[in-house]
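The block underneath contains the structure these notes are about, expressed in structure tokens.
We use all heavy atoms of the structure for the numbers below, so side chains are in, but hydrogens, waters and symmetry mates are not.
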Amino acid sequence: MFRLWVKLLKDNRMLRDTVICDETDDTRTHKIFRSLEKACYEFDLGKPIWLNSTVDEFRRHTKARFYQDNFIEAIDFDYMEIHVIEED
């Protein structure tokens, strides 16, 4: 099972969070993109853009933060954080 924890934070406080589970036999990359898309749909957000710094952070820590620069529209939180919490 693959699980991705997605959190919206503002002023160091969590506003919302969700855990997206994916039990398909797809690749890890596809699971990440699909889970992020589901979380953005749940939060009524546009999909963020993966900047090079975001990709590097995710590769190193299996965790990444998406700031205003990653979104086309204005956001009402400081950043969205994703974190892989379970992988098989």
Side-chain angles (χ1 to χ4, degrees):
M1 167 162 324
F2 175 87
R3 295 189 315 154
L4 185 74
W5 187 16
V6 183
K7 304 178 274 187
L8 301 181
L9 294 107
K10 184 171 186 167
D11 298 327
N12 291 325
R13 295 180 189 267
M14 186 168 28
L15 301 175
R16 294 182 69 185
D17 73 321
T18 187
V19 175
I20 306 294
C21 301
D22 191 332
E23 297 182 12
T24 63
D25 291 331
D26 216 345
T27 65
R28 179 179 191 258
T29 303
H30 286 124
K31 289 179 182 182
I32 291 165
F33 287 138
R34 190 172 34 252
S35 297
L36 182 58
E37 187 174 340
K38 287 179 184 178
C40 287
Y41 181 79
E42 186 175 319
F43 293 152
D44 194 27
L45 291 172
K47 288 190 290 186
I49 299 165
W50 287 80
L51 302 174
N52 289 337
S53 59
T54 313
V55 172
D56 292 341
E57 180 184 6
F58 190 76
R59 283 184 181 155
R60 277 185 272 136
H61 307 291
T62 67
K63 180 191 291 189
R65 291 181 177 178
F66 296 92
Y67 297 94
Q68 177 63 64
D69 293 345
N70 299 92
F71 291 92
I72 294 172
E73 72 278 352
I75 57 174
D76 59 349
F77 51 89
D78 293 335
Y79 60 90
M80 177 173 70
E81 182 175 280
I82 65 170
H83 186 193
V84 176
I85 55 175
E86 184 178 347
E87 278 185 275
D88 279 344

Problem set entry | Pairwise distance NE2(His30) to CZ(Phe33) - rounded to 0.5 angstrom | 8.0 Å

For this session: Could you pull out the closest heavy-atom pair between Trp5 and Thr18, with the gap in Å?
Result: CD1-O, 3.3 Å

For this session: Determine the sole option in Arg28, Arg34, Arg3 for which the salt bridge (charged side-chain N to carboxylate O under 4.0 Å, His left out) test with Asp22 is passed.
Result: Arg34

Exercise. If only atom types and distance count, is the side chain of Gln68 paired as donor or acceptor with the main-chain N or O of Glu73 below 3.5 Å?
Worked result: yes

For this session: Give the cluster check for Phe58 versus Phe66: same hydrophobic cluster or not, with ILVMFWY residues linked at side-chain heavy-atom distances below 4.5 Å.
Result: yes

Exercise. Does any non-hydrogen side-chain atom of Ile32 lie less than 4.5 Å from one of Trp50?
Worked result: yes

Problem set entry | Side-chain (Asp11) to main-chain (Arg13) donor-acceptor, under 3.5 angstrom | no

For this session: Taking atom NZ of Lys7 as the centre, report whether more than 12 heavy atoms of other residues, nucleotides or ligands fall under 6.0 Å from it.
Result: yes

Exercise. When rounded to the nearest 0.5 angstrom, what distance separates CG in Asp78 from CE in Met80?
Worked result: 13.5 Å

Exercise. When you measure from the side chain of Asp17 to the backbone N and O of Val6, does any donor-acceptor pair fall under 3.5 Å?
Worked result: no

Exercise. Where do Phe71 and Tyr67 come nearest, in terms of heavy atoms and distance?
Worked result: CD1-O, 3.3 Å

Exercise. Do the side chains of Leu4 and Val55 join up, straight or via other hydrophobic residues, at under 4.5 Å, putting them in one cluster?
Worked result: yes

Problem set entry | Ile72 CD1 to Lys47 NZ distance, which is reported to the nearest 0.5 Å | 10.5 Å

Exercise. So if you build clusters from Ile, Leu, Val, Met, Phe, Trp, Tyr with side-chain heavy-atom gaps below 4.5 Å, do Leu45 and Ile82 land together?
Worked result: yes

For this session: Please report the shortest heavy-atom distance between Gly46 and Cys40, naming the atom on each side.
Result: O-SG, 3.9 Å

Problem set entry | Ile75 with Phe43, same ILVMFWY side-chain cluster at under 4.5 Å | yes

Problem set entry | Minimum side-chain heavy-atom gap Ile20-Glu42 below 4.5 Å | yes

Exercise. Measuring from Thr62:OG1 to Glu57:CD, what's the distance to the nearest 0.5 Å?
Worked result: 10.5 Å

For this session: Measure across Leu15 and Asp76 and return the closest heavy-atom pair with its distance rounded to 0.1 Å.
Result: CD1-O, 4.4 Å

Exercise. Would a distance-only check, ignoring hydrogens and angles, find a side-chain to backbone donor-acceptor pair under 3.5 Å from Lys63 to Glu81?
Worked result: no

Problem set entry | Residue pair Phe2 / Val84: nearest heavy atoms and the distance that separates them | CE1-CG1, 3.8 Å

Seminar exercise, completed: Between Arg65 and Thr54, the two heavy atoms sitting closest are O-CG2, 4.0 Å

